[in-house]
There are 2 protein chains.
Amino acid sequence: MRMHNPPHPGEIIKALCLEPVGLTVTEAAEGLGVSRKTLSAILNGRSGISPEMAVRLSIAFNTSAESWLSQQVQYDLWHAEQGRKALKVIKLAA
Amino acid sequence: MRMHNPPHPGEIIKALCLEPVGLTVTEAAEGLGVSRKTLSAILNGRSGISPEMAVRLSIAFNTSAESWLSQQVQYDLWHAEQGRKALKVIKLAA
DNA sequence: CATTAGCGTAACCCGAAACGTTACGGATTA
DNA sequence: TAATCCGTAACGTTTCGGGTTACGCTAATG
């Protein structure tokens, strides 16, 4: 289990995609083809990156959709691991 | 973009976890702590692997939760890429 | 042959999450 | 002051994971 709470991908988007280019949340949302609210929720960690959003990011910023989704997986998984002990699961294999 | 439709992770679960040990769907579902329907849906590609389910799999089969979720990401992403051209996205960076 | 176990899945309910629109208040800037 | 930009609350829609119940099919077994 990873030790530290990984940052939500929204922070990375803000730091790596918006700020360097001086993009406004409103401008970026329009470019991505989503509402300002949707992008704002992601940037502030209140929504995750959906597969479709990952593709949008890959087009707009010429990046890898997989890398965005992978970061989201790390984030989701870390939180799921926090509840590991609460799950009633029986070991079925060595 | 990946060329071929990646298999849904359920096929891998069936082939790598259930069949080698001779586990029935019912037994595996009980061990995982989910309903038979839920596991059946995953095995037959009608549901994805949620973060929580990935943790359950990692406990029951002593595997990596991350690997299960990564496979799910590959699968989801491939399907999301299929609709890439339908997205109205403007390039915001080189 | 009749019974049982295992399986897929349809019908129905619930809750969570992504996304949209509208609208408000606060902060910053022209 | 007026115009932007932003976060976010409130509302609705859609999708999806998950549970329960129940049905029909198939294969194995008494």
Side-chain angles (χ1 to χ4, degrees), chain A residues 8-11 13-15 17-60 65 68-69 71-73 75-80 82-83 86-89 92, chain B residues 8-11 13-15 17-60 65 68-69 71-73 75-80 82-83 86-89 92:
Chain A
H8 38 262
E11 295 183 14
I13 296 177
K14 190 184 297 183
C17 299
L18 303 199
E19 292 176 349
V21 202
L23 269 178
T24 281
V25 174
T26 303
E27 292 168 342
E30 289 174 354
L32 288 166
V34 300
S35 73
R36 182 168 65 87
K37 176 201 168 185
T38 296
L39 181 57
S40 173
I42 292 173
L43 295 182
N44 295 284
R46 307 192 316 127
S47 291
I49 296 186
S50 65
E52 184 185 299
M53 181 60 68
V55 174
R56 290 182 189 273
L57 289 168
S58 73
I59 300 175
W68 293 117
L69 269 192
Q71 291 182 46
Q72 186 63 50
V73 161
Y75 184 76
D76 291 341
L77 188 53
W78 188 87
H79 287 92
Q82 299 311 108
L87 301 179
K88 299 168 186 171
V89 180
L92 300 172
Chain B
H8 37 260
E11 295 183 14
I13 296 177
K14 191 184 297 182
C17 299
L18 304 198
E19 293 175 349
V21 201
L23 271 176
T24 68
V25 175
T26 303
E27 293 167 340
E30 290 174 353
L32 288 167
V34 299
S35 73
R36 184 168 63 85
K37 176 207 167 182
T38 295
L39 181 57
S40 173
I42 292 174
L43 295 181
N44 294 285
R46 307 191 316 132
S47 290
I49 296 186
S50 65
E52 183 186 298
M53 181 60 68
V55 174
R56 290 182 189 275
L57 289 168
S58 73
I59 299 175
W68 293 117
L69 270 192
Q71 291 181 48
Q72 185 63 49
V73 161
Y75 184 75
D76 291 340
L77 189 54
W78 188 88
H79 288 92
Q82 299 311 109
L87 301 178
K88 298 168 187 172
V89 180
L92 300 173

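Throughout, protein chains are lettered first and strands after them, A, B, ... in sequence-line order, and every chain is numbered starting at 1. Here the structure is a predicted model, which is why all the values come from computation and not from measurement.
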Proximity to the side chain of A/T38 - top-ranked nucleotide from C/dG20, C/dT9, D/dC6 = C/dG20
Can you list, in residue-number order, the parts of [range] that come under 4.0 Å of DNA chain D, counting heavy atoms only?
{"range": "residues 41-48 of chain A", "result": "A/N44, A/R46"}
{"range": "residues 49-60 of chain A", "result": "none"}
{"range": "residues 29-37 of chain A", "result": "A/R36, A/K37"}

Answer yes or no: is there a side-chain heavy-atom contact under 4.5 Å between [X] and [Y]?
{"X": "A/L32", "Y": "A/I59", "value": "no"}
{"X": "B/N44", "Y": "B/H8", "value": "no"}
{"X": "B/L69", "Y": "B/P51", "value": "yes"}
{"X": "A/L57", "Y": "A/I13", "value": "yes"}
{"X": "A/Y75", "Y": "A/I49", "value": "no"}
{"X": "B/L39", "Y": "B/T26", "value": "no"}

Just checking A/T26: base, sugar-phosphate only, or nothing, at a heavy-atom cut-off of under 4.0 Å?
-> sugar-phosphate
Quickly work out the [X] [atom1] to [N] [atom2] distance and round it to whole Å.
{"X": "A/Y75", "N": "C/dA17", "atom1": "OH", "atom2": "C1'", "value": "14 Å"}
{"X": "A/E19", "N": "D/dC6", "atom1": "CD", "atom2": "C1'", "value": "14 Å"}
{"X": "B/D76", "N": "D/dG17", "atom1": "CG", "atom2": "P", "value": "9 Å"}
{"X": "A/H79", "N": "C/dA17", "atom1": "NE2", "atom2": "P", "value": "11 Å"}
{"X": "A/E11", "N": "D/dG7", "atom1": "CD", "atom2": "C1'", "value": "16 Å"}
{"X": "A/E27", "N": "D/dT4", "atom1": "CD", "atom2": "P", "value": "12 Å"}

Could you check B/L23 against A/L92 for side chain to side chain contact (heavy atoms under 4.5 Å, CB included), going step by step and ending with a plain yes or no?
-> CA-CA 9 Å; B/L23 271 176; A/L92 300 172; 3.9 Å; yes
Side-chain donor/acceptor of A/S40 to backbone N/O of A/K37, under 3.5 Å | no
Any donor and acceptor pair, going by atom type alone, linking the side chain of B/S50 with main-chain N or O of B/M53 inside 3.5 Å?
-> yes
Take B/L43 and B/L18 through the test side chain to side chain contact (heavy atoms under 4.5 Å, CB included) and record every step on the way to the result.
-> CA-CA 10 Å; B/L43 295 181; B/L18 304 198; 3.7 Å; yes
After noting the C-alpha distance and the side-chain angles of B/W78 and B/Q82, does the key distance pass the side chain to side chain contact (heavy atoms under 4.5 Å, CB included) rule?
-> CA-CA 7 Å; B/W78 188 88; B/Q82 299 311 109; 3.6 Å; yes
If only side-chain N and O atoms of A/T24 are considered, is one of them under 4.0 Å from the OP1 or OP2 phosphate oxygen of D/dC6?
-> yes
